[in-house]
Protein chains: 2
Amino acid sequence: MPETANSPGTRPTLRDVARHAGVSAMTVTRVLRDDDRVSAATRERVLASVAALGYRPNTVARSLRLGHGSGLVGLVVTNLANPFYSRLALGVDGVVGAHGLKTVIGNTRQSVENERDLVADLVARRVDGIVVVPAGGDQRHLAQAAAQGVPVVCASRPPMGFAADHVLVDDHGGAVEATERLLALGHRAVGYLGPPASVHTSVERLRGYRETLAAAGVTVDERYVRQGPVDVAGAEEAAGELLALPEPPTALFCSNNRNTIGAFRAVRRAGRGVALAGFDDFELADMLGLPLSVQSYDSDELGREAGRLLLDRLRGPATGAPGPRRVVLPTRAIQYGEPGPPGPAGPAG
Amino acid sequence: MPETANSPGTRPTLRDVARHAGVSAMTVTRVLRDDDRVSAATRERVLASVAALGYRPNTVARSLRLGHGSGLVGLVVTNLANPFYSRLALGVDGVVGAHGLKTVIGNTRQSVENERDLVADLVARRVDGIVVVPAGGDQRHLAQAAAQGVPVVCASRPPMGFAADHVLVDDHGGAVEATERLLALGHRAVGYLGPPASVHTSVERLRGYRETLAAAGVTVDERYVRQGPVDVAGAEEAAGELLALPEPPTALFCSNNRNTIGAFRAVRRAGRGVALAGFDDFELADMLGLPLSVQSYDSDELGREAGRLLLDRLRGPATGAPGPRRVVLPTRAIQYGEPGPPGPAGPAG
DNA sequence: CTGTTAGCGCTTTCAC
DNA sequence: GTGAAAGCGCTAACAG
């Protein structure tokens with residue numbers, strides 16, 4: 001147990017250590033920075049004082065003096081409770097943490113306004129960079145941050161109206177593949193369930209769905225398309241409505257795991273056989289006793305990639321400013337259970 | 001779009017604004033702090049310069065000058081990918097965020113060493129306080145941080161060897177209730193599955209399990225007790241071994257949701273009827289088609305409570321130092337599906 | 001109403 | 001080897 005500080009609440013400073021050791025502040029710094037131009041004896045004495053006072057260097061003051069950033073990376077997501085984002089956070093933190101940077105989280109709860117405030121705050125805190133999953137349409141605050149010299153990396157959704165590195169999932173390609181799988185099973189009445197049009201991924205996935213059906217000569221029944229649900233409860237309700245239509249769809253493509261789970265609950269409740277294809281894998285998907293195919297991708301990797309892009313910007317400003325980079329992560333189809341063709345009984349187990 | 005900064009990479013400072021506006025730095029500060037002793041005309045001029053230069057105050061310098069902390073709260077957890085911890089993080093961030101504090105996350109990946117480094121780093125960054133879910137036994141680094149005047153709040157696991165506010169779940173009580181429910185169904189061969197003894201919650205839950213069985217006159221078959229699994233795969237394997245015993249248990253109490261899910265998978269795979277009771281609720285638990293009872297609790301609330309304890313320390317150091325406070329959150333039993341008595345066929349659906 | 005001085009804790013530069 | 005001075009960006013405290 002170290003000696004208690006002189007006055008509680010007041011923490012020892014470099015000068016306190018210097019006084020205690022009978023040297024100058026400069027010498028203490030040198031010892032702490034492993035500068036070799038200091039005698040062994042002095043070093044010992046200083047180290048002893050450091051221990052005696054329980055001194056801890058003040059990183060804040062240090063980085064202020066040094067001019068460079070705070071050693072913090074801001075991470076702005078819409079909902080950390082969603083495993084997708086917490087894994088992304090882990091990925092980012094893992095990569096930047098290996099370079100001595102810490103991650104500051106900001107949760108926007110889907111609010112663009114919160115996002116703007118958060119980003120402003122992070123900039124004011126002099127974060128070295130920001131990884132953001134933009135919440136909505138207006139991204140002027142991001143453009144501003146970027147313009148002010150804070151590197152911004154967009155994850156999962158692209159920058160709009162300004163240039164920034166970004167890492168995306170192959171939303172369109174994944175949606176095409178998922179929809180094709182349903183078509184291949186013979187389904188023609190294929191519904192869509194996903195978040196509102198303000199969400200970029202949703203737009204792309206819906207586009208993939210539409211194009212695929214069109215290419216197969218299937219006309220999309222607009223009553224089958226529900227853009228809106230953002231959580232399981234909303235998705236369950238919307239799916240329930242689709243299933244209650246006079247001629248309900250025989251298959252549903254769900255644009256993210258919230259919607260897939262909601263749809264699953266509705267299908268189970270209705271006791272009806274409806275084929276499900278979803279975007280995003282999720283835990284226990286294989287245990288649901290209903291055939292289900294999902295387009296899976298690695299959200300840790302999404303975060304790691306975002307972290308790498310950011311690090312590249314931080315490390316290599318010397319290399320000039322190469323154009324913004326884009327990374328697209330592939331998706332992979334996973335089939336749970338044996339899928340079946342459309343029919344009155346349907347493929348339910 | 002604001003004018004570009006003079007030199008890229010160099011950001012405008014208070015003095016730049018002052019020069020631009022033809023006033024002193026002090027006046028700019030006053031405008032920015034809404035000090036009323038500034039003429040409207042001057043205010044306008046300053047504001048215009050701020051906008052023209054795209055000036056953003058440097059919070060780091062500010063907090064250094066003001067002496068108070070960085071406005072950051074450190075959050076140290078073992079695994080952010082676990083929804084339990086991400087919700088806890090949300091709870092903490094929600095509460096402290098409402099008071100203008102930001103949350104810095106640290107993920108220890110169960111390593112006490114990482115935890116020690118992280119805490120040291122956070123202290124050096126002058127965080128205002130730390131919320132930590134201690135990874136293991138040795139907590140001297142936490143004691144040290146606390147001794148150095150950084151308020152520490154322990155979540156989910158209590159401080160050991162030093163005094164600190166903490167918020168716990170009623171691990172023992174919840175385990176008792178869960179075990180009693182299995183006993184009430186007539187089960188006598190009740191197994192246990194949980195993390196290693198280094199995890200405090202696990203110890204408490206195991207104790208509850210043992211005491212309840214003992215109180216009912218049931219001797220615990222030590223072959224039925226598996227302390228070890230920390231993830232689903234490990235739990236599934238361990239549960240599989242229990243089920244493969246000559247006289248397998250007819251019921252399992254699982255000490256957290258990783259173990260519950262692993263056990264569920266093993267039971268499903270074995271096609272055997274084994275009653276399951278678990279700690280922690282989880283998504284889709286009601287959809288598994290197997291009777292299951294869980295002790296549920298609110299991990300957001302755990303985080304919020306931790307945040308509140310911390311805020312109280314930060315706000316009220318004037319009130320002297322009241323003894324460390326402890327908050328214990330209750331658990332609530334939830335029954336999914338219809339439970340059944342032990343039997344050769346068992347309660348499987 | 002506005003400006004000057006001093007200094008938060010640290011470190012670079014230049015002396016000794 | 002060691003120290004003194006100056007300053008990172010900002011703001012109390014005291015002038016004027």
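The chains referred to below are lettered A, B, ... by the order of the sequence lines, with proteins before strands, and numbering in each begins at 1.
With a 4.5 Å cut-off on side-chain heavy atoms, B:Pro158 and B:His200 count as touching. Annotation: side chain of B:Val73 is not in contact with side chain of B:Lys102 (no heavy-atom distance under 4.5 Å). A heavy-atom distance below 4.5 Å is not found between the side chains of A:Leu72 and A:Leu101.
A donor-acceptor pair shorter than 3.5 Å cannot be found between the side chains of B:Ser111 and B:Thr108.
Along DNA chain C, the nucleotide closest to B:Val23 and the one closest to A:Arg33 are compared, and the more 5′ of them pairs with B:Val23. Between B:Ser24 and B:Leu66, it is B:Ser24 whose nearest contact on DNA chain C lies nearer the 5' terminus.
One can place CZ of B:Arg19 at 11 Å from P of D:dG9, the figure rounded to the nearest angstrom. If you take CG of B:Asn58 and P of D:dC8, they are 12 Å apart, rounded to a whole angstrom. For B:Leu64 and D:dG9, the CG to P distance is 12 Å, given to the nearest whole Å.
Comment: B:Glu301 does not engage B:Arg87 in a salt bridge, judged by the lack of any side-chain N to carboxylate O separation of less than 4.0 angstrom. Between A:Asp165 and A:Arg326 there is no salt bridge, since no side-chain nitrogen of the basic residue lies less than 4.0 Å from a carboxylate oxygen of the acidic one.
For B:Thr13, a side-chain nitrogen or oxygen approaches OP1 or OP2 of D:dC10 to under 4.0 Å. Contact between the side-chain N/O atoms of A:Arg30 and the OP1/OP2 oxygens of D:dT2 is not found at any separation under 4.0 Å.
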Can you tabulate the close N/O pairs, meaning under 3.5 Å, that link protein atoms to atoms of nucleotides 5-7 of chain D?
| unit_1 | atom_1 | unit_2 | atom_2 | d |
| --- | --- | --- | --- | --- |
| D:dG7 | N2 | A:Arg65 | NE | 3.3 |
| D:dG7 | N2 | A:Arg65 | NH1 | 3.1 |

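The nucleotide range of DNA chain C contacted by chain A, defined by atoms under 4.0 angstrom from heavy atoms of the protein and reported 5' to 3', is C:dG9 to C:dT12.
Only at 4.0 angstrom or more do the heavy atoms of residues 35-46 of chain B sit from any atom of DNA chain D, so none qualifies.
A donor-acceptor pair under 3.5 Å links the side-chain atoms of A:Asp128 to the main chain of A:Gly71, judged by distance alone. With hydrogens and angles disregarded, no donor-acceptor distance shorter than 3.5 Å links the side chain of B:Asp121 to the backbone of B:Leu118. In this structure a side-chain-to-backbone donor-acceptor pair under 3.5 Å is missing from A:Ser299 to A:Leu302. Although no hydrogens or angles enter the test, the distance criterion places a donor-acceptor pair under 3.5 Å between the side chain of A:Arg125 and the main chain of B:Ser70.
Among the heavy atoms of the strands lying under 4.0 Å from A:Thr27 are primed sugar atoms or P, OP1, OP2 only; no base atom is included. Within 4.0 Å (heavy atoms only), A:Val60 reaches no atom of the nucleic acid at all.
Contact detail for B:Val119 and B:Ala145: the closest heavy-atom pair is CG1-CB, 3.9 Å.
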